[in-house]
Enquirer: 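Below are the structure tokens for one structure; questions will follow.
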2 protein chains.
Amino acid sequence: MNTLSYGLLSLLTRNSRTGYELTQNIQPFWQAKHSQIYPLLAQLEQKGYVEFVHVPQSDKPDKKVYSLTDNGREALQQWIAQPTDEPVVRDELALKVFCIGLVSKEQALKVLYEREEYYQKKKEKFAQTYERIKQESAKPLEELEIHDPLFGLYVLIQKATLKVDADLVWCEWMKTKLK
Amino acid sequence: MNTLSYGLLSLLTRNSRTGYELTQNIQPFWQAKHSQIYPLLAQLEQKGYVEFVHVPQSDKPDKKVYSLTDNGREALQQWIAQPTDEPVVRDELALKVFCIGLVSKEQALKVLYEREEYYQKKKEKFAQTYERIKQESAKPLEELEIHDPLFGLYVLIQKATLKVDADLVWCEWMKTKLK
DNA sequence: AACGTATATGTCAATAATGACATAACAAAG
DNA sequence: CTTTGTTATGTCATTATTGACATATACGTT
């Protein structure tokens, strides 16, 4: 079973979700399109790791709400105990920056500004998620411990925020380099 | 032409390299295996963006040393002016952390330690590359400007170091969270 | 009225990427 | 003396991922 499949199971530990929601919710951690997610959900259902109920809707299209089975939960626990794959990062910006001397400072700055805007939007999104779970949580977030259902999401937002801040620091520094 | 192909051209702006070297050198910026690189180099050669010379070796296998053509350089400049794709990150750790409450603190710490070690090794590698280009450079690195052939690599190492430091800060913080 | 966006699920062809296989010569370690 | 690692290039089957196509309803905008 591939890593994305485990990722879908992982999201389902918090609550039941539709394929549509899973596609959206997994984006911050693993970029994938719905055309990849839906077939994987069908596989997971065949394996007995998830089950779904049809939910007819009048105003919107009908949906399938997936939830994790006990077998699915066990599969997740075994997966966590396995060695973790190294992260895969593919960033076109890095490839451009390597040969950025080919263009003018003005052109280079354009590339940089575009990316800076992207990082700022990311940061904003993380801040929103942080506020959302702050409301959702009974305890203050700093007091959450590992077995709290919000713990994972909370520490992941911390990680993402630290990294995007590093990216923004780099952007600022680069702007001084490029006058 | 795909992004990796431009990445290969980008590396060749600094100096000529073999397919074997390109495979190694591109890893920090874009993870790819030699089985993907070699066919792309053949394509780039057919398009006239690179050319190669056979270099026979007695102690080691013969090699092909690729270099960038003027057409290749032009293609690169046009590519830089295009909008930059958003980075793709696929990190199994994030998926595990999301549901880390399924396992014990001890198990969670194992996962964390494994990744911390990985980040430390990364940091060490970046430090080595930094020292290497420091020696290679005529000027102090802080004084490099955009058109210096080492500029791109220098600023990329700064970026990578900032990010890996953020990752290590998160690991330390997580260790306190997991006692 | 026409258009874009959000919700919602799905298939399928094409492309990207990996893992395994193949070859070969030398060096170092056990 | 055998195994393991490094250098070096390549192919090919399989898997992962994307992009396009398909369908349907509702809502807000031009």
Side-chain angles (χ1 to χ4, degrees), chain A residues 1-8 11-12 16-27 29-47 50-67 83 85-92 95, chain B residues 1-9 11-12 16-47 50-67 83 85-92 95:
Chain A
M1 219 168 63
N2 66 23
T3 307
L4 178 54
S5 299
Y6 285 108
L8 297 171
L11 289 192
L12 292 176
S16 301
R17 305 173 203 231
T18 66
Y20 186 80
E21 287 169 330
L22 283 166
T23 302
Q24 294 183 310
N25 300 157
I26 207 160
Q27 295 308 315
F29 315 120
W30 195 282
Q31 289 84 56
K33 313 283 173 181
H34 74 272
S35 51
Q36 196 181 7
I37 310 271
Y38 286 122
L40 290 180
L41 282 172
Q43 275 179 231
L44 289 170
E45 198 261 343
Q46 275 206 323
K47 288 200 169 80
V50 299
E51 52 192 18
F52 67 87
V53 282
H54 277 283
V55 177
Q57 296 185 119
S58 52
D59 54 331
K60 288 181 260 183
D62 298 351
K63 61 186 181 183
K64 287 176 168 186
V65 178
Y66 286 87
S67 49
D85 288 344
E86 296 183 355
V88 171
V89 178
R90 295 206 174 94
D91 188 355
E92 188 171 30
L95 304 178
Chain B
M1 219 167 61
N2 65 24
T3 308
L4 178 53
S5 299
Y6 286 108
L8 297 171
L9 296 182
L11 290 192
L12 292 175
S16 301
R17 306 174 203 228
T18 65
Y20 186 80
E21 288 169 329
L22 284 166
T23 302
Q24 294 181 310
N25 302 156
I26 207 162
Q27 294 307 316
F29 315 122
W30 195 282
Q31 289 84 57
K33 313 283 172 181
H34 74 272
S35 51
Q36 196 182 6
I37 309 272
Y38 286 122
L40 290 180
L41 282 171
Q43 273 179 233
L44 289 170
E45 198 260 345
Q46 275 206 323
K47 288 200 168 80
V50 299
E51 54 193 16
F52 67 87
V53 282
H54 276 281
V55 177
Q57 297 185 120
S58 51
D59 54 333
K60 287 181 261 183
D62 298 352
K63 60 186 181 182
K64 287 176 167 184
V65 177
Y66 286 88
S67 49
D85 288 343
E86 296 183 356
V88 170
V89 179
R90 295 204 173 97
D91 189 356
E92 189 172 30
L95 303 178

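Here is the naming used below: chain letters follow the sequence lines, and residue numbers restart at 1 for every chain.
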Enquirer: Looking at NZ of B:K63 and OG1 of B:T18, how far apart are the two atoms once the value is rounded to the nearest 0.5 Å?
Expert: 6.0 Å

Enquirer: Between B:L8 (CG) and C:dA16 (P), how many Å, whole number?
Expert: 13 Å

Enquirer: When rounded to the nearest 0.5 angstrom, what is the spacing between NZ in B:K64 and OG in B:S16?
Expert: 15.0 Å

Enquirer: Given 3.5 Å as the limit, does a donor-acceptor pair link the side chain of A:D85 with the main chain of B:E92, or not?
Expert: no

Enquirer: What does nucleotides 15-25 of chain D look like as a protein-contact string, B for base, S for sugar-phosphate only, - for none, at under 4.0 angstrom between heavy atoms?
Expert: -SSBBB---B-

Enquirer: Rounded to the Å, how far apart are A:D85 CG and C:dT18 P?
Expert: 11 Å

Enquirer: Mark yes or no for whether B:R17, through its side chain, and B:L11, through its backbone, hold a donor-acceptor pair below 3.5 Å.
Expert: yes

Enquirer: Considering only heavy atoms from C-beta outward, does the side chain of A:F29 approach that of B:D91 to under 4.5 Å?
Expert: no

Enquirer: Please determine if a side-chain N or O atom of A:Y20 lies less than 4.0 Å away from the OP1 or OP2 oxygen of C:dT7.
Expert: yes

Enquirer: Rounded to the nearest 0.5 Å, how far does CD of B:Q31 lie from CD of A:E86?
Expert: 8.5 Å

Enquirer: At less than 4.0 Å, is any side-chain N or O atom of A:Q57 found next to OP1 or OP2 of C:dT7? Yes or no.
Expert: no

Enquirer: I need the CD1-P distance between B:I37 and C:dA16, as an integer number of Å.
Expert: 13 Å

Enquirer: Working to the nearest 0.5 Å, report the span between CG of A:L95 and CG of B:L9.
Expert: 10.5 Å

Enquirer: Find the distance B:N25:CG to D:dT7:P and express it as a whole number of Å.
Expert: 11 Å

Enquirer: Within the structure shown, what part of the strands sits under 4.0 Å from A:E21 by heavy-atom distance: base, sugar-phosphate, or nothing?
Expert: nothing

Enquirer: Taking atom P of D:dG10 as reference, at what distance in whole Å does atom CD of B:E45 sit?
Expert: 10 Å

Enquirer: For the helix from C:dA1-D:dT30 to C:dG30-D:dC1, how many degrees between its two end axes (five pairs per end), to the nearest 10°?
Expert: 30°

Enquirer: Rounded to the nearest Å, what distance is computed from the NZ atom of residue A:K63 to the P atom of nucleotide C:dT7?
Expert: 11 Å

Enquirer: Taking atom P of D:dT7 as reference, at what distance in whole Å does atom CZ of B:R17 sit?
Expert: 15 Å

Enquirer: In whole Å, what is the span from the CD atom of A:Q24 to the P atom of C:dT9?
Expert: 10 Å

